[in-house]
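Worksheet: one structure, shown below.
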2 protein chains.
Amino acid sequence: MSYKQVIYTTAPDPAIDPSLTTGTFRLNTVPKPTNVPADKLLVRTHYLSLDPAMRQWLTAKRSYIAPVEIGAVMRGQSIAQIITVGSDLSSTFQPGDWVVAYSGWQEYAVLGAKEVEKVVLPPGGRPTDAMSVLGMTGLTAYFGMTEVGYPKEGDTVVVSGAAGATGMVAGQIAKIKGAKRVVGLAGSREKCDFLVRELGFDAAINYKDADWRKQLKEATPEYIDVFFDNTGGEILDACLARAARDARFVICGAISQYNAAKPQGPASFMTVISQRVTMKGFIVFDYAKKYPTALQELASWLSQGKLKRKEHIVPGGIEGAPQALVDLYKGVNTGKMMVEVAPVSEALNAKL
Amino acid sequence: MSYKQVIYTTAPDPAIDPSLTTGTFRLNTVPKPTNVPADKLLVRTHYLSLDPAMRQWLTAKRSYIAPVEIGAVMRGQSIAQIITVGSDLSSTFQPGDWVVAYSGWQEYAVLGAKEVEKVVLPPGGRPTDAMSVLGMTGLTAYFGMTEVGYPKEGDTVVVSGAAGATGMVAGQIAKIKGAKRVVGLAGSREKCDFLVRELGFDAAINYKDADWRKQLKEATPEYIDVFFDNTGGEILDACLARAARDARFVICGAISQYNAAKPQGPASFMTVISQRVTMKGFIVFDYAKKYPTALQELASWLSQGKLKRKEHIVPGGIEGAPQALVDLYKGVNTGKMMVEVAPVSEALNAKL
């Protein structure tokens with residue numbers, strides 16, 4: 001028996017090329033291990049997480065994480081199921097356990113106990129939640145909004161990339177925390193409708209509309225107290241020009257810039273001085289000690305229906321991951337972008 | 001008797017034109033008042049303060065202060081002497097008192113009690129100190145460094161515009177507060193020598209050198225914990241690329257951008273995320289309640305010789321103010337830029 005891996009082969013210059021024959025990645029087939037070492041687990045990948053940060057993982061020089069090495073399996077989280085448990089780990093894990101795994105882009109992986117985390121779900125939870133609203137994207141939204149942006153009652157909060165996995169949770173948390181007005185920026189009419197109708201945003205603006213800057217101005221009559229930024233570039237610039245006195249700008253991501261040969265800084269930078277803006281970058285890992293409390297709160301909001309989630313699952317197996325990553329930067333997804341490597345119906349048991 | 005005023009006449013587009021016949025300002029002559037109202041003071045201007053923020057005062061739309069109106073006397077602080085005291089104010093002021101005055105650019109001014117502040121000097125103080133190291137520029141350096149940047153022991157601190165009135169105080173405060181390494185950026189070899197030899201900076205870099213980025217890298221082997229920015233533009237960008245984990249970027253000014261038709265944002269913006277940088281703009285006025293404590297500390301450092309000051313005084317009268325302002329943006333000054341409207345030797349008494 002063998003299984004497939006996606007190998008990082010050629011540095012993007014600057015955009016990711018999804019071709020598996022001439023592009024950034026190659027497909028590789030390796031034999032499935034027959035023995036699992038005593039301190040390891042064999043897991044099967046079901047859903048790969050696709051994240052905007054991945055572009056940075058490929059080439060960033062001085063980042064929060066070392067770059068992926070050329071020739072290595074592409075880095076990534078997945079929802080996986082434990083198939084075989086090494087003898088030393090049998091008191092902690094069982095075949096059939098669902099885990100969030102640092103598996104990388106491969107159908108199977110042999111991992112240590114520290115590279116997996118058991119999925120614990122609240123009532124109404126789904127395994128994939130552990131990788132989105134109750135996983136890294138949910139936590140990123142949670143800490144960015146509550147610790148960096150901390151909207152106060154009466155505040156106007158704007159979220160860019162608002163229909164993405166992190167953005168949609170960030171906007172909903174702002175509302176839960178008492179923001180007066182939550183405005184989303186997204187890349188299509190459908191996404192905007194979804195934000196307002198399904199998630200309760202007060203307004204949503206399609207940044208592909210010719211008059212989006214005018215719409216932004218009209219949607220923020222009292223300026224912007226908190227901006228949760230996933231996109232950077234022109235949108236950050238326009239929001240900076242609308243910053244309220246003492247505004248907090250939560251710099252979570254800059255998806256518009258990751259593939260840019262020459263990144264663009266915010267030209268309205270002078271507003272930082274005149275309005276006393278605080279711009280703060282953050283990385284969710286820094287809040288690891290507070291994950292349990294955050295997950296408890298997120299789970300309770302989810303169970304109560306205060307927090308809604310949405311996934312965009314790309315079917316067809318691991319071969320589709322490079323194209324799905326390119327599509328993520330194009331913004332084709334509403335909600336958490338995942339690749340279905342193996343459907344839940346193929347799992348060892350049907351419990352989840 | 002009459003006196004001269006400098007009137008703001010034509011909005012700069014984008015640079016200030018110093019010509020008094022065809023440029024941004026015009027000279028005006030008005031009669032000297034013979035009667036001073038009961039609630040007013042007649043003051044004589046001796047030293048005008050020239051400040052980088054002035055360019056912003058002319059055209060900024062949504063700033064911390066309303067723009068100067070076309071046709072009005074140019075706004076500005078000065079060191080002035082009280083000539084005549086209105087009858088209601090005679091218990092508080094006396095002819096001969098030195099004051100920091102919101103006089104604007106004119107040789108004489110009739111002001112209310114709230115538009116002046118009596119100069120109180122520590123041992124060794126000079127009247128002009130009240131407008132620089134013990135005035136707005138000193139306070140700006142103080143609050144920006146202590147409240148926004150707050151260097152810790154062992155930190156590397158970089159100051160741009162380091163030979164300017166605010167920058168040189170900011171760098172010295174960083175050293176007083178225990179920074180391990182203070183590096184200044186300035187625009188000439190002479191300024192750099194001054195920073196290192198006279199003010200005790202650990203290193204200074206002439207940003208006009210072709211290899212200044214390399215010098216910056218070498219001067220900050222442990223990256224930059226605190227950056228006190230007076231210039232913006234390329235220097236901010238290069239320092240962002242050298243930001244240490246959890247760096248604080250104090251956005252005090254952006255003199256390189258004030259006259260730019262199209263301002264430039266920091267392209268290395270992604271470092272804000274990867275290094276969790278906090279960039280914070282501030283305006284000294286927000287700390288007004290803490291001025292007395294700050295001035296006490298600054299005065300004590302000055303008296304003890306821990307804090308040194310330098311002034312660049314342009315002689316020749318008020319007609320020279322527009323050219324001096326242009327020269328300020330060119331960086332001709334080391335230390336606080338002032339125009340001598342009337343020398344101290346012409347004062348009512350010789351006490352100061």
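Keep in mind that this is a model prediction, so the values were computed, not measured. Numbered from 1 within each chain, the chains take letters A, B, ... in sequence-line order.
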Query - Per-residue contact mode, A:A53 against chain B (heavy atom under 4.5 angstrom) - result: neither
Query raised in the report: With the threshold set at 4.0 Å, does a side-chain nitrogen-carboxylate oxygen contact exist between A:R181 and A:E222?
Result: no
Report task. For ring-ring contact (aromatic ring centres under 6.0 Å, His included), just list the numbers for B:Y8 and B:W57, CA-CA rounded to whole Å, side-chain angles, deciding distance to a tenth of an Å, and then say yes or no. Result -> CA-CA 11 Å; B:Y8 174 40; B:W57 297 350; over 10 Å; no
Requested in this report: Give, as side chain, backbone, both or neither, the part of A:Y223 having an atom under 4.5 angstrom from any heavy atom of chain B.
Outcome: side chain
Query raised in the report: What are the residues of residues 269-281 of chain A, in order of number, with any heavy atom under 4.5 angstrom from a heavy atom of chain B?
Result: A:F269, A:M270, A:T271, A:V272, A:I273, A:S274, A:Q275, A:R276, A:V277, A:T278, A:M279, A:K280, A:G281
Requested in this report: Output yes when a side-chain donor or acceptor of B:Y329 lies under 3.5 Å from a complementary backbone atom of B:R55, and no otherwise.
Outcome: yes
Enumerate donor-acceptor pairs with a distance under 3.5 Å from any side-chain N or O in residues 143-150 of chain B to protein atoms, sequence neighbours excluded.
from	atom 1	to	atom 2	distance (Å)
B:T146	OG1	B:Y142	O	2.7
B:E147	OE1	B:K290	NZ	3.3
B:E147	OE2	B:K290	NZ	2.9

Query raised in the report: Less than 4.0 Å between a side-chain N and a carboxylate O, is that true for B:D237 and B:R242?
Result: no
Report task. Decide, yes or no, whether a salt bridge links B:D51 with B:K336 under the criterion of side-chain N to carboxylate O below 4.0 Å. Result -> yes
Requested in this report: Kindly determine whether B:L328 and B:N333 satisfy side-chain contact (heavy atoms from CB on, under 4.5 Å), including the steps that lead there.
Outcome: CA-CA 6 Å; B:L328 178 72; B:N333 57 306; 3.7 Å; yes
**Report entry** Salt bridge flag under 4.0 Å for residues B:D286 and A:R245
**Finding:** yes
Query - Portion of B:F249 that has a non-hydrogen atom of chain A nearer than 4.5 angstrom - result: neither
Query - chain B contact via A:L236 - side chain, backbone, both or neither, heavy atoms under 4.5 Å - result: side chain
